[in-house]
Amino acid sequence: MDSVVNYSEIIEIEELGDERGLLTVLEGNKSIPFGINRIFYIYNTITGVRRGFHAHYKTRQALVCVSGNCKVYLDNIKRKTDVLLDSPTKVLILEPNDWHEMYDFSADCVLLVLASHLYDAEDYIRDYEKFKEVYGG
Ligand code: T46
């Protein structure tokens, strides 16, 4: 695991626009503070569904609702908080040490996720007791 501990945060990305409409750019190792190796998106989520319920060992992610909105519950043991993603320019930089749950998806929500690593089931901590053991200090 990296010795540097980063903290999840919301960043605002500049909106580029002209008479044709709007355009927003996300760049690895630039506006997004890590190299991007994987992209996925979550959509058509059933009303009332809560997803996530895990932390990671190493994967850093950037979450942005490119359409609609959803909320994300974050718990890094020292603080527990809820953030609202409701704009294509509002990006949650989600660090591996945050247990996270996504919920309250609007019907039109498309949650885009950029990840620092390729998919690896072994990188997930899905047991909360294990999470506390790993990140509890
Ligand atoms: C995260 C939050 C924000 C793959 O095969 N490859 C992938 O790259 C991903 C992301 C998922 N999957 C498979 C694994 C499961 O069988 O797709 C299925 C659903 O994934 P999961 O239950 O992990 O989905 P969420 O919404 O709970 O979590 C996802 C990401 O997995 C996770 O890294 O932090 O979105």
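Whatever order the structure lists them in is the order used to number ligands and atoms, beginning at 1. Predicted model only: the values in this text are computed from it and were never measured.
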Seminar exercise, completed: OG1 (T81) and CG (D98) are apart, to the nearest 0.5 Å, by 9.5 Å

Problem set entry | Output field: ring centroids Y119/Y124 closer than 6.0 Å | yes

For this session: Look at the rings of H100 and H54 and say which category their plane angle falls in: under 30° parallel, 30 to 60° tilted, over 60° perpendicular.
Result: perpendicular

Seminar exercise, completed: Honestly, for R126 the part within reach of ligand 1 (heavy atoms, under 4.0 Å) is side chain

Exercise. Roughly how far apart are Y43 OH and F105 CZ, rounded to 0.5 Å?
Worked result: 13.5 Å

Problem set entry | Closest candidate by heavy atom, reference atom 32 (C) of ligand 1, pool R51, H54, R50, H117 | H54

Exercise. Any protein heavy atom under 4.0 Å from atom 23 (O) of ligand 1?
Worked result: yes

Problem set entry | Row check, Y103 ring normal vs R50 NZ/CZ: under 6.0 Å, within 45° | yes

Exercise. With a 4.0 Å heavy-atom cut-off (strictly under), which part of Y124 contacts ligand 1: side chain, backbone, both or neither?
Worked result: side chain

For this session: Note the single closest protein heavy atom to atom 15 (C) of ligand 1, along with its residue, its atom name and the distance in Å.
Result: Y119 OH, 4.6 Å

For this session: Would you verify that at least one protein heavy atom lies under 4.0 Å from atom 17 (O) of ligand 1, or report that none does?
Result: no

For this session: Of the side chain and backbone of I42, name the one, both, or neither that has a heavy atom under 4.0 Å from an atom of ligand 1.
Result: side chain

Problem set entry | Nearest non-hydrogen protein atom, atom 10 (C) of ligand 1 | R38 NH1, 3.4 Å

Problem set entry | Expected output: side-chain N37 to main-chain S116 donor-acceptor under 3.5 Å | yes

For this session: Give the atoms of ligand 1, by number and element, whose distance to some non-hydrogen atom of M102 is under 4.0 Å.
Result: 2 (C), 3 (C), 26 (O), 35 (O)

Exercise. Closest non-hydrogen protein atom to atom 29 (C) of ligand 1, residue and atom name please, with distance?
Worked result: F40 CE1, 3.8 Å

Exercise. Where the side chain of T89 meets the backbone of E14, is there a donor-acceptor pair that is under 3.5 Å apart?
Worked result: no

Exercise. Would you say L63 and ligand 1 have an N/O pair spaced under 3.5 Å apart?
Worked result: no

Problem set entry | Identity and separation of the nearest protein heavy atom to atom 27 (O) of ligand 1 | G52 N, 3.0 Å

Seminar exercise, completed: dist K71:NZ -> L85:CG (nearest 0.5 Å) comes out at 11.0 Å

